[in-house]
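What follows is a set of notes on a single structure, which appears directly below.
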Amino acid sequence: MLAPINESVMIAEIALDDFLPIFISSSLVLVFGAVYAIVFTFVKVGAFKPWVMPFGYLGWVLTAYCLYLMGSLMHVGEFTQKALIVTMIGYLFLPHAIYYMIDRVHEENEHEVVSDNS
Amino acid sequence: MAKRSVWSDNRFWQRSAAWVTGFASILLIWLTFDTSAQISMGTDADLQNGVTKRVPAPTVINYKITYEMDTVRGHEVPVIGEKEMFFGRDDWSEEEAAELLHLGKLGSQSKNCMNCHTLLGNGAYYAPDLTKAWLDPAWGPEGSLQSMTGKSSKEEAMAEFLQHPSQYPTHARMMPDLGITAEEAQGLVAFLKHMSSIDTNGFPRNFGKIKGAVHGK
Amino acid sequence: MMFEPFVDVVPSFFGWLNQGPLTLTIFLHTVIILPMFWIYKQEKARIEREG
Amino acid sequence: MASNHLTGVGSESKQLATWYFTFAAILFGAQLLFGLVAAIQYVMPGFLFEIVDFSVARMIHINALVVWMVFAMFGAVYWLLPDETGIETVGIKIGKLLFWVFAGAIVVVVLVYLLVQVGPATESSIWLIHEGREYIEAPRWADFGIVVVALGFVFNLFATGMKGKQTGIVTVLMADMLAFAGLYLTGMFFTDNISVDQFWWWWVIHLWVEATWEVYVGAIAAYGLITMIGAHRKVVEMWLWIEVAMLFGSGILGLGHHYFWIGTPEYWWEIGALFSALEPLPLVAMFIHVLYDWGKTQGAEEAKGNPASVINNKPAFTWFVLNAFGNFLGAGIWGFFHTLPQVNLYTHGTQFTSAHGHLAFFGAYATILIGMMYMAVQGTNGIKVMKSTKSTIAATWMIAGGVMGMGIALTIAGYVQVMVSRAQMGATWAGYFDGQSGMWFAQAMDWRLFMGAVTMLGFVFLAKDLLSIGKATHHER
């Protein structure tokens, strides 16, 4: 009945020197993630010129890198690392989907006569 | 007018919001039942039969508690060992121990411990974490805090300090005199000993394992 | 390593779902998201009906 | 109804709202004052020792925080109800009576905190003095008072919402405020089992702050966008529903990130980590939404050849934008970087939590509530387009800058604590004090005090501005 002692299950210690990179990279995940979303939205609505768009995608690349860095420094495990990659691919499409949604609702409502609720 | 999309439909999102909120709430309630069963206090019989509970019975004060690495779970866990004297006795009955813990928990709240210290990591950060204070080497036989009070056991040293904190300044940031009586101090120490036996999934990590900070790593 | 198989002291339903890395959380996310497809279909049908 | 919101004159509900805002602002001042005392004690431990100890100062600091926010939240709802429903609030007399009951009880509670401070370890201390549970220290007698007041408030909201026009905003608020009041009940009992105690304690604290309060902010932001820049109601309300789905979807089970280390089972690691990792998403969405709507309405006006700003209340809108940004920064970024259990194992119970608390409470809640106060000033003074004064600008910069500075200082202090006290010495007594005496830690605490003083000064400007801006002559009337 005695469970075999499996050293690999031991929760890996975070190296002292890794704390700062972890904190910074995890903050940057959100910062770059927001940069991507904001640049994408603003270019689409015309607040930014179209040439800014590549910087938005650069934001996405940096988000993915920071998430990868954070995951590996925290020793999250192989499967989790893969799940994080899938998450990032999902995040690539998210602003597209949100923009599509927000744009549709504006389009539909701009053609309506605004009389019911203002 | 453009063809209407479900994604920009108010009703779709309203129903989705209702579903997500309702279902997440149900899951939380279910999880709460499951967790409540696991964190309810054990009994004295559990302790005698070696049944591991996340929160053991108050009579855990009759036993020696250590904090050891569990290689299966991958982190440190409290281990309840052989009998140990607590204020000169190791035969605190279930009622006596429960009463003592009750007094200690009431004391921890009425003296407002949590607004300077952290308990299980929650509270204020003005004074040390008390989660495993009972196991702190500073209160042990060779510890500076025990020798400072001139007492010969951990529990007596802690109780003495709690009653007269101003007499034993350990740092420029001192604990104020909170009018803790001898009886209340005994209860508080029992509360601390009980808290150290709670299975906190390995928090705090490395407790008391490494001596000396920056220069001694 | 904290999203790895379950090694807790007391077995339970949620512990049982925690069989491998992330299984519990992926399961919960899925059961929350899946019914939204059904809501989507219903609303789509309604919008088409309304023209 | 188009310009009804511009005037509070004649609406008893709006008059009551101004009472709530006034008392909230006073408590905000008290919060900052006692926060300053606690900050001084970190730098000079002898300050007011055994007169107003750190525990007392901090208790008042965080209780005043919670209570001023609840007051301002009630006030904001009383303010917007006539606009949204198109009728006067039902049960306004009860509302006014309850205001005095609530305010009176708060004064008594604070006096007892200050003058009695601690009691013996008995049930009666819990009933009469305080409960000693962070954030919800209010003694048991006051708990029952709070429940009565909250029920009265929820009743008024429901009665008005059901009698008048029930907009999406009112519907969300009704459901949300019911949950908000109901959750308080889970924090009203005593148990010897500290794990059970903290389990339910988090039901109140987390489900308030990271679920019901956030949804409340979503609803208020929706109202603000409609009244201040004339955003399209249908668009705003659709977004509100999306936000509700995202906030509750991540926030309710995100509760798990408080259940990593309090004696609760290990499966909370996964639930807490992955649901709370999603919590920033709705905050990003809210931020983009505010800017998108602003750009869109401004653009539409400019297309019509009308280049003037669409914002009819500059100070309030500034605070609303600060809210969108601060919510993402304080709750999102500062929350995310210590929410995963691998890292939280070391950061739990350090100054990191404190940094996150300061930035998140300010960014997510204080900002939008201050914005609502400015809207009330505009309404009661019948101003068509309200512009900023020098005091508005000074207050905004000093408060926002001060809190940001405190957040950064506390983050540095937290980092020292994680490295020294946690990663190396494992949270022992000696490890704790080694961390506290590090040079970086000590200097961070000096900066925190300085930034706290800046915030306090900003508050003085804010109070002066709220009292005088309505009389300024440069607004369009």
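These numbers come from a predicted model, not from an experiment. Letters go in sequence order (proteins before strands), and every chain restarts at 1.
Of the possible donor and acceptor atoms, one in the side chain of B:Lys111 sits under 3.5 Å from a partner among the backbone N and O of D:Gly119. Although no hydrogens or angles enter the test, the distance criterion places a donor-acceptor pair under 3.5 Å between the side chain of B:Asn206 and the main chain of D:Ala423. A donor-acceptor contact shorter than 3.5 Å links the side chain of B:Arg54 to the backbone of D:Gly263.
Of the two parts of B:Ser166, only the side chain, counted from C-beta on, holds a non-hydrogen atom closer than 4.5 Å to a non-hydrogen atom of chain D. Both the backbone and the side chain of B:Leu31 come within less than 4.5 Å of a heavy atom in chain D. Heavy atoms closer than 4.5 Å to chain B are found in the side chain of D:Ile271, but not in its backbone. Looking at D:Phe49, only its side chain comes within 4.5 Å of chain B, counting heavy atoms on both sides. Residue contact with chain B, scored on non-hydrogen atoms closer than 4.5 Å, involves the backbone of D:Thr350 exclusively. With a 4.5 Å cut-off on non-hydrogen atoms, D:Asp197 touches chain B through its side chain but not through its backbone. Proximity to chain B involves both the backbone and the side chain of D:Glu123, based on heavy atoms less than 4.5 angstrom apart. Within the 4.5 angstrom heavy-atom criterion, atoms from both the backbone and the side chain of B:Leu119 approach chain D. Proximity to chain D is limited to the side chain of B:Ile198, based on heavy atoms less than 4.5 angstrom apart. With a 4.5 angstrom heavy-atom cutoff, B:His102 touches chain D via backbone and side-chain atoms both. Of the atoms belonging to B:Glu184, it is side-chain heavy atoms, and not backbone ones, that fall under 4.5 Å from chain D. With a 4.5 angstrom heavy-atom cutoff, D:Asn193 touches chain B via backbone and side-chain atoms both. Contact annotation for D:Ile126: only side-chain heavy atoms (C-beta onward) come within less than 4.5 Å of a heavy atom of chain B. For D:Phe190, the part lying under 4.5 angstrom from a heavy atom of chain B is the side chain only. For B:Trp139, the part sitting under 4.5 Å from any heavy atom of chain D is the side chain, from C-beta outward, and nothing else. Contacts between B:Met114 and chain D at a heavy-atom distance below 4.5 Å involve backbone atoms as well as side-chain atoms. Residue D:Leu247: no heavy atom, backbone or side chain, is found under 4.5 Å from chain B. Interface residue D:Ile252: backbone and side-chain heavy atoms are both found under 4.5 Å from chain B. There is no contact between B:Ser144 and chain D, counting heavy-atom distances below 4.5 Å. B:Asp177 touches chain D through backbone and side chain together, each having a heavy atom under 4.5 Å away. In this structure, the portion of D:Trp202 lying under 4.5 Å from any heavy atom of chain B is its side chain and not its backbone.
Side chains of D:Ile194 and B:Phe191 form a contact here, defined as non-hydrogen atoms less than 4.5 Å apart. A 4.5 Å side-chain heavy-atom check between D:Arg422 and B:Phe203 finds at least one atom pair inside the cut-off. A heavy-atom distance below 4.5 Å is found between the side chains of B:Tyr126 and D:Pro45. Considering only heavy atoms from C-beta on, B:Asn201 comes within 4.5 Å of D:Trp269 through its side chain. Counting heavy atoms from C-beta outward, D:Leu240 and B:Trp13 have side chains that stay 4.5 Å or more apart. Within the 4.5 Å cutoff, no side-chain heavy atoms of D:Trp429 are placed close to those of B:Asp129. No side-chain heavy atom of D:Phe352 sits under 4.5 Å from any side-chain heavy atom of B:Tyr125. Looking at heavy atoms from C-beta onward, D:Phe433 lies in side-chain contact with B:Pro128 at the 4.5 angstrom threshold.
Summarising the local packing, CH2 of D:Trp440 is surrounded by 12 or fewer heavy atoms from other residues, nucleotides or ligands at distances under 6.0 Å. Around the CD atom of B:Glu96, the shell of radius 6.0 Å holds more than 12 heavy atoms that belong to other residues, nucleotides or ligands.
Side chain to side chain, D:Gln198 and B:Asn122 meet the donor-acceptor criterion of an N or O pair below 3.5 Å. Using modelled atom types and a 3.5 Å distance limit, the side chains of B:Asn112 and D:Gln117 yield no donor-acceptor pair. Inspection of the B:Thr35 and D:Trp268 side chains reveals an N or O donor paired with an N or O acceptor under 3.5 Å.
Most heavy-atom pairs under 4.5 Å with chain D: of the set B:Asn10, B:Thr118, B:Leu130, this distinction falls to B:Asn10. Most heavy-atom pairs under 4.5 Å with chain D, from the set B:Arg11, B:Arg15, B:Arg173: that is B:Arg173. For the set D:Leu255, D:Leu253, D:Val244, D:Val56, the entry with the most heavy-atom pairs within less than 4.5 Å of chain B is D:Leu253. Among D:Asp192, D:Val118, D:Val172, the residue making the largest number of heavy-atom pairs under 4.5 Å with chain B is D:Asp192. Taking chain B as the reference chain and counting heavy-atom pairs below 4.5 Å, the highest number among D:Gln436, D:Glu137, D:Glu237 is found for D:Gln436. The greatest number of non-hydrogen atom pairs below 4.5 Å with chain D, out of B:Leu27, B:Asp9, B:Val55, is found for B:Val55. Highest contact tally toward chain B, considering only D:Ala38, D:Ser437, D:Ala427, D:Ser125, is held by D:Ala427 [criterion: heavy-atom pairs under 4.5 Å]. With chain B as partner, the option from D:Glu134, D:Met238, D:His348 having the largest number of non-hydrogen pairs under 4.5 angstrom is D:His348. Among the candidates B:Asp136, B:Leu188, B:Val20, the residue making the largest number of heavy-atom pairs closer than 4.5 Å to chain D is B:Asp136. The greatest number of non-hydrogen atom pairs below 4.5 Å with chain D, out of B:Leu135, B:Thr131, B:Thr170, is found for B:Thr170. Options B:Pro204, B:Gly107, B:Cys116 differ in how many heavy-atom pairs under 4.5 Å they form with chain D, and the most are formed by B:Cys116. Each of D:Phe54, D:Tyr135, D:Phe248 has some count of heavy-atom pairs under 4.5 Å with chain B, and the biggest count is that of D:Phe54.
Atoms CH2 and OG, from D:Trp241 and B:Ser16 in turn, are 11.0 Å apart once rounded to the nearest 0.5 Å. A distance of 10.5 Å separates CZ in D:Phe275 from CG in B:Leu28, rounded to the nearest 0.5 Å. Within the model, atoms OG of D:Ser195 and CD of B:Gln38 stand 11.5 Å from one another, a figure rounded to the nearest 0.5 Å.
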**Asked** Run the side-chain contact (heavy atoms from CB on, under 4.5 Å) check on B:Thr200 and D:Phe260 step by step: do they pass?
**Response** CA-CA 8 Å; B:Thr200 49; D:Phe260 295 157; over 6 Å; no
**Prompt:** Between D:Arg133 and B:Gln109, is a side-chain hydrogen bond (donor to acceptor under 3.5 Å, both in side chains) present by the stated rule, with each step listed?
**Reply:** CA-CA 7 Å; D:Arg133 296 170 77 203; B:Gln109 289 185 220; 5.0 Å; no
